[in-house]
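In what follows, every chain begins at residue 1, and chains take the letters A, B, ... in the order their sequences are listed.
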Amino acid sequence: ELKVEQNPLFLSMQEGKNYTIYCNYSTTSDRLYWYRQDPGKSLESLFVLLSNGAVKQEGRLMASLDTKARLSTLHITAAVHDLSATYFCAVDMWNYGGATNKLIFGTGTLLAVQP
Amino acid sequence: EPEVTQTPSHQVTQMGQEVILRCVPISNHLYFYWYRQILGQKVEFLVSFYNNEISEKSEIFDDQFSVERPDGSNFTLKIRSTKLEDSAMYFCASKGGEAFFGQGTRLTVV
């Protein structure tokens with residue numbers, strides 16, 4: 001069974017600082033998503049990474065994917081309070097031609113950015 | 001931009017009652033999913049649906065649950081005889097290349 005682990009589970013950081021959230025997974029996949037979730041809300045898609053070496057950036061967030069290491073990172077640059085939320089990675093169990101085609105979510109990282 | 005629509009946004013039901021959660025996936029997508037998130041916990045896979053039948057289901061998706069695509073557009077999750085522990089946010093998703101999630105239905109069983 002695929003395992004998707006994020007660390008840290010909780011991250012308290014000061015505004016203006018940089019930090020990285022890690023997402024490790026245990027089986028082959030070349031597609032990975034990052035989502036943001038505010039309390040009581042739905043999953044907001046941040047990034048879709050579709051190949052090894054993919055890097056995407058949006059504002060203060062940058063995501064990358066290393067399929068050989070089975071690792072994705074979400075890097076936060078110069079954090080601001082508005083980034084406070086829970087961040088999930090989700091590995092796409094893409095099985096070409098097959099019916100197994102689900103996303104498996106990581107444990108989530110609760111990010112609290114302090115002024 | 002295409003979106004997945006879920007109704008209702010919030011449902012309160014008494015223990016033992018049946019509920020139906022509804023989803024309208026993106027029209028040209030072929031794969032449909034239900035996920036569950038208990039408050040403060042991770043997002044858990046329940047079931048996937050492809051070619052008008054269940055393609056995979058998790059251990060959570062027992063005989064209490066069923067899914068249907070009754071009219072070629074809607075995609076429903078039925079929970080029979082709800083229990084307190086069924087209280088959660090339920091997300092529908094559909095997938096063509098990329099997966100898109102609906103806004104969720106918050107189910108509260110009292």
Cluster overlap B/V43 with B/V47, hydrophobic side-chain contacts below 4.5 Å:
no

Can you confirm whether B/L39 is buried at CG, in the sense that more than 12 heavy atoms of other residues, nucleotides or ligands lie under 6.0 Å from that atom?
no

Can a donor-acceptor pair be found, under 3.5 Å and without considering hydrogens, that links the side chain of B/S48 to the backbone of A/K102?
no

Is any side-chain heavy atom of B/K42 closer than 4.5 Å to a side-chain heavy atom of A/V4?
no

Min side-chain heavy-atom separation A/L43-B/Y35 under 4.5 Å:
no

Against chain B, label A/Q37 side chain, backbone, both or neither, depending on which of its atoms sit under 4.5 Å from a heavy atom there.
side chain

Most heavy-atom pairs under 4.5 Å with chain A, out of B/Q41, B/Q37, B/R106, belong to B/Q37

Are B/F101 and A/F88 close enough that their ring centers fall under 6.0 Å?
no

Above 12 or not: heavy atoms from other molecules or residues under 6.0 Å from NE2 of B/H10?
yes

Top of B/A93, B/A99, B/G104 for chain A proximity - count of heavy-atom pairs under 4.5 angstrom:
B/A99

B/E98 and A/S45, any side-chain heavy atoms less than 4.5 Å apart
yes

Please answer: with hydrophobic residues joined when any side-chain heavy atoms are less than 4.5 Å apart, are A/L110 and A/Y35 in the same cluster?
no

If Ile, Leu, Val, Met, Phe, Trp and Tyr residues are connected whenever their side-chain heavy atoms lie under 4.5 Å apart, and connections chain through other members, are B/V19 and B/V12 in the same group?
no

To the nearest 0.5 Å, atom OH of A/Y33 lies from atom CZ of B/F100 at 8.0 Å

Quick check: is B/W34 connected to B/I60 through a chain of hydrophobic side chains (ILVMFWY, heavy atoms under 4.5 Å apart)?
yes

With hydrophobic residues grouped by side-chain heavy-atom distances under 4.5 Å, do A/V55 and A/Y25 end up in a single group?
no

A/S42 and B/G102: which non-hydrogen atoms are nearest, and at how many Å?
OG-O, 2.6 Å

